[in-house]
Asks: 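Starting off with a structure, shown below.
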Amino acid sequence: MEKMPVITRFAPSPTGYVHVGNVRTAFFNQLLAEHAGGRFILRSEDTDQERSKAEYLEALVEDLHWLGLRWDEGPDCGGPHGPYKQSERGELYSQYYDRLLESGDAYLCYCSDRELKLSRKVQLSAGRPPRYSGTCRELSAQERAEREAQGREPTLRFRVSAGEPVVFEDLVRGSQSFAREDIGDFVIRRADGSAAFFFGNAIDDSLMQVSHVLRGEDHVANTPRQILLLQALGLRAPVYGHFSLMVGDDGAPLSKRHGASSLRELRQAGYLPGAILNHFLRLGHKAANDDWLELEQMAAEFHTNALGRAPARYDMDQLGHWQKEALMRLSAHELASWLDDGDRNRVPNEQLDAFLELVKPNLMFPVDIKVWVDVLFGELPVPGETEQQWLDNAGAEFFTAASEAASQATSGETPSVKAITDAVKAATGAKGKQLFMPLRVALTGRTDGPGLQDIVSLMNPATVEKRLKKLAAGQAES
RNA sequence: GCUCCCUUCGUCUAGUGGUUAGGACUCUGGCCUCUCACGCCGGCAACAGGGGUUCGAAUCCCCUAGGGAGCGCCA
């Protein structure tokens, strides 16, 4: 057997913002291609005219690019097997419909939606698996004409005749076998003329020379249909692999109530691409270790036999861990992009890098940085109850000593925290936490944060003095 | 209802007949320290249950329970 190049694809329907489960599918397919030095294709399955929207495809391309995914062929960048939107591939499909119709592998089906639903219901309540009953399977020319006369719009249905089970080797689940009786005839062209999933998806994979289809296990049962279809047409079928789905933290299928379920939401919440990628690599895929990996390293160690068959829970705590890892790897320049224009202007240029390095360990998301800009370069936040307690307990005498010590620094010089604490200690006898905490609260309005001296060093000396003076004796307390 | 798949700490997972069942996240104790975070060192915590097979089973077989998927003119 000649060695085929590895070509993978991601084939979403642009009916909304791309879901995290699909993002993982896209990611795995890119890794598989990259691992083998192959190609990765993006194909838009927008045959559902009602729900598919061009803006969602644009959003998907943008979000996936933001994540760091790249494809060699796609609706946004073209390629040798286009078009890459199924809505534009109708003409390509028609010859295949004709062939199937001629060979008898497909037939026109005039059953209405209502009739089919009813049939399913009847079979289900009789304890039988719902299958197409075969009403239109052997229609004579006259019977067809009668139905046409009634104005019925036919679908094209693929015929699954009795015979040997359909077997295939699944990349992650091993050998699979499906009895033909369990498959049932399925629709390949809708009444409105558009391609049904089974058809467009399978045909395009073959026409685009896709070699490996990695998808969620919800597609396992579709695979024998697609193989049968491609066989009937004499087209080459790709190798299929089905990994387990992601589930929510409660083990139930992922839905909106599990928090951020679209990539866009994750992005808007401030999660970093590397965090998401590192997390996803380990969801349903065993990684060699728990270390941070760059995209190239992930591709190097990605293997289909490392994919799991048990559902993996999507756990935000774990994502949070990778977010911290990603954050610590951010350069000062990258971190600066977390500041909006207003905040950026409040931080003096020469202090910027030092400021970012200082607050970095206390951050998780972009919104977290704003409060530190306020503390160091803006207005003091209003103290909360516990903060006020520290101030009250310390008393005016404490701050009188503190502000005097601070003002003794020559104008424009950074006040020394040690000089201030020494003075306060001498005046009030306070020590340890009782000494530092009131000072911290007075200067930052908070009980947490980076080292006091580091904070003071970045602040305007006048601000330091002002904040202390405000609490000193003789200053009217509201 | 029928078919298929799955089940190791709370979570992600290592493990393919002989391990003190390992790592990571969470939680937690300590160190560092003015505080929080970071960092470092520890701790709690699992083979779903029951039967076999075997000298020996998380690993192999069967049953039960629980979970997931499919059975669309949705993809």
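Residue numbers begin at 1 in each chain, while the letters A, B, ... track the order of the sequences.
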Asks: What's the NZ-P distance between A:K425 and B:rC34, to the nearest Å?
Replies: 11 Å
Asks: In residues 446-456 of chain A, which ones come under 4.0 Å of RNA chain B, going by heavy atoms?
Replies: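 Of all residues in residues 446-456 of chain A, the ones placing a heavy atom under 4.0 Å from RNA chain B are A:T447, A:D448, A:G449, A:P450, A:G451, A:L452.
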Asks: For atom C1', what is the distance between B:rC12 and B:rC4, given to the nearest Å?
Replies: 25 Å
Asks: Would you tell me if any nitrogen or oxygen in the side chain of A:K117 comes within less than 4.0 Å of OP1 or OP2 on B:rG72?
Replies: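 The answer is no; no side-chain N or O of A:K117 sits under 4.0 Å from OP1 or OP2.
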Asks: Between A:D48 and A:R190, which heavy-atom pair has the shortest distance, and what is it?
Replies: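 Where A:D48 meets A:R190 most closely, the heavy atoms are N-NH1, 4.4 Å.
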Asks: A:R120 CZ to B:rC71 C1': how many Å, rounded?
Replies: 9 Å
Asks: Applying side-chain contact (heavy atoms from CB on, under 4.5 Å) to A:Q86 and A:S44, what does each step give before you reach the verdict?
Replies: CA-CA 6 Å; A:Q86 287 191 328; A:S44 177; over 6 Å; no
Asks: Between B:rA14 and B:rA21, how many Å separate the two C1' atoms, rounded to a whole number?
Replies: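 That atom pair is separated by 10 Å.
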Asks: List in numerical order all residues of residues 194-205 of chain A for which some heavy atom is under 4.0 Å away from an atom belonging to RNA chain B.
Replies: A:F197, A:F198
Asks: Applying side-chain hydrogen bond (donor to acceptor under 3.5 Å, both in side chains), name anything that partners A:E294, two or more places apart in sequence or on another chain.
Replies: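 In terms of side-chain hydrogen bond (donor to acceptor under 3.5 Å, both in side chains), with neighbours along the sequence ignored, A:E294 is linked to A:W292.
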Asks: In terms of relative ring orientation, are A:Y93 and A:Y97 parallel, tilted or perpendicular, with 30° and 60° separating the classes?
Replies: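 Plane angle over 60°, so perpendicular.
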Asks: Would you say A:T47 places a side-chain N or O within less than 4.0 Å of OP1 or OP2 belonging to B:rA75?
Replies: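 Affirmative; the distance criterion is met.
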Asks: In terms of ring plane angle, is the pair A:F178 and A:F168 parallel, tilted or perpendicular, where the classes change at 30° and 60°?
Replies: parallel
